[in-house]
Amino acid sequence: MLQQTQVDTVIPYYNRWLESCPDLQCVAEKNIQEILTLWEGLGYYSRCRNFYSAVKEVVKNHGGNVPSEWKQFRALPGVGDYTAAAVMSIAFHKPLPAIDGNVYRVMARVLGIKHLTPYNKNRIKNRLEKWIDTDHPGDFNQALMDIGARICRPNKANCIGCPLSDFCKASALGTPNQYPTRKKKKPIPHIKVVAGLVWFKDTFLILQRPNTAMLGGLWEFPSGKITSASHPSKELQSIMKNEIGLTVTIGEEIGSVHHVYSHFSMTFSVFHCFIEHKESLQSHGPFRWIKPSEIPCYPFPKANHKIFDLLEFSK
DNA sequence: AATGCGTGGGC
DNA sequence: TGCCCAAGCAT
């Protein structure tokens, strides 16, 4: 949960998770849909799918016990060098430095490293392997991460009161914020998407996204990119026909929301749509006709919830 | 090595 | 408001 996600954001999800699913056996007994619903809203859903796979693997191959050896734990899906070192040091007291984005920044400043090249990252690792408190490796790692998160901030290094300032090169130079250099991000493209809330009686249609795609395993309304300059409702009608073979009547526009993903942004316009009879639809994947009251049973992306909010389908 | 992958908070 | 950034990992 903590990968690329702030602690304060994770805490409520973590608590909710433990309340409904307190141990690995419990995770293994649930299906992926229930697990994704626990994760819903946290983002980076491959973390959730990987965790689920890892739990299955631990139950099947390790007798339900989390491996206490680096090599076996590191091999689990979704576990990289950082996560492996964090768990090994905190849970099993192994003297391995857990190097996250905070620690790279703090150490770059302490050592006066401008560029986080692979060579310099390796220097940081070697230095921490010497410095780590072998009696309390977990505390050492967490302390260093906390210094990064609370004191040695990316654009706001508060050297006054920092326990490392006496031997920090970047602080001595007076320009700690300039360490390490950061590359500017490329601008992300913007797309226009139109979607339909397709009603049949008191149910509407949802489709499940493929596991390997972005937002994999989550559910959504049938939708498509707006490509031409024609009227959105005309475009929506042809999307419905071409993608799932439904001939729909376009109704009122529910609304339009803006949503920013990590690598693109979109305006998401959703219209009520209606069908007279339950036609057979040619779906590429799983689909359901659900009532608004069933929304909490399925994981939906944030953009879809923004539409639910407009409809006051409160969850 | 560079890119894809969500969402929310801070300023 | 529009960026930057967050207890990274997989490919």
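In what follows, chains are A, B, ... by sequence order, proteins preceding strands, each numbered from 1.
- With C1' as the reference atom, dA10(C) and dG8(B) are 24 Å apart, rounded to whole Å.
- Rounded to the nearest Å, the gap between the C1' atom of dG9(B) and that of dC9(C) is 23 Å.
- Ring centroid separation for the pair Y45(A) and F51(A) does not come in under the 6.0 Å cut-off.
- Nearest nucleotide to the side chain of Y44(A), out of dA7(C), dT3(B), dG6(B): dG6(B).
- Rounded to whole Å, the C1' atom of dA6(C) lies 22 Å from the corresponding atom of dA1(B).
- V260(A) comes within contact range of at least one nucleobase, with a heavy-atom separation under 4.0 Å.
- Contact annotation: side chain of T5(A) to base of dG6(B), donor-acceptor pair present below 3.5 Å.
- The distance from atom NZ of K184(A) to atom P of dC3(C) is 14 Å, rounded to the nearest whole Å.
- For K186(A), the side-chain atoms get nearest to dT3(B) when compared with the rest of dG6(B), dA7(C), dT3(B).
- Taking atom CG of residue L218(A) and atom C1' of nucleotide dT7(B), one finds them 13 Å apart after rounding to whole Å.
- As rounded to whole Å, 13 Å separates atom P of dG6(B) from atom CD of E40(A).
- Annotation: the span from I226(A) atom CD1 to T267(A) atom OG1 amounts to 6.5 Å, rounded to 0.5 Å.
- The shortest distance between the side-chain N/O atoms of Q4(A) and the OP1/OP2 oxygens of dA6(C) is not below 4.0 Å.
- Contact annotation for G41(A): backbone-only contact, meaning every heavy-atom pair under 4.0 Å involves sugar-phosphate atoms and none involves a base.
- In this structure, the nucleotide among dC5(C), dA6(C), dA7(C) sitting nearest to the side chain of R105(A) is dA6(C).
- When distances run from any side-chain atom of R182(A) to the nucleotides dC5(C), dG8(B), dG6(B), the shortest one goes to dC5(C).
- Here Y45(A) reaches the OP1 or OP2 of dT7(B): one of its side-chain N or O atoms lies under 4.0 Å away.
- Between the C1' atom of dA7(C) and the CD1 atom of I151(A) lies a distance of 16 Å, rounded to the nearest Å.
- Atom P of nucleotide dT7(B) and atom CG of L2(A) are separated by 18 Å, given to the nearest angstrom.
- Here dA10(C) is the nucleotide among dA10(C), dG6(B), dC5(C) with the atom lying nearest to any side-chain atom of R74(A).
- Atom C1' of nucleotide dC5(C) and atom NZ of K183(A) are separated by 15 Å, given to the nearest angstrom.
- If you take CE of M214(A) and P of dC9(C), they are 20 Å apart, rounded to a whole angstrom.
- Residue-level contact check: L215(A) touches the backbone only, with heavy atoms under 4.0 Å from sugar-phosphate atoms and none from bases.
- As judged by a 4.0 angstrom heavy-atom cut-off over every strand, D146(A) is placed among the base-contacting residues.
- In the set dT3(B), dC5(C), dG8(C), the nucleotide with an atom closest to the side chain of P154(A) is dC5(C).
- Relative orientation of the F204(A) and F308(A) rings is tilted, given thresholds of 30° and 60° on the angle between their planes.
- Rounded to whole Å, the separation between the P atoms of dA7(C) and dG4(B) comes to 23 Å.
- Using cut-offs of 30° and 60° on the angle between ring planes, the pair F268(A) and F221(A) is parallel.
- Ring centroids of H305(A) and H259(A) are separated by 6.0 Å or more, keeping the two rings apart.
- Residues K156(A) and Y13(A) both approach DNA chain B. Their nearest nucleotides, taken by heavy-atom distance, put Y13(A) toward the 5′ side.
- Minimum atom distance to the side chain of Q6(A) is reached by dG8(B), of the listed dA2(B), dG8(B), dC11(B).
- In this structure a side-chain-to-backbone donor-acceptor pair under 3.5 Å is missing from Q208(A) to W219(A).
- When the nucleotides dA7(C), dA10(C), dT7(B) are ranked by their closest atom to the side chain of N50(A), dA10(C) comes out on top.
- Atom pair R150(A):CZ and dA6(C):P shows a separation of 14 Å (rounding to whole Å applied).
- Distances shorter than 4.0 Å separate none of the side-chain N or O atoms of K185(A) from OP1 or OP2 on dC4(C).
- Listed nucleotides: dG6(B), dA6(C), dT7(B). Nearest to the side chain of H259(A): dT7(B).
- Between T83(A) and dC9(C), a side-chain N or O to OP1/OP2 separation shorter than 4.0 Å is present.
- Judged by the 6.0 Å and 45° rule, R16(A) forms a cation-pi pair with Y13(A).
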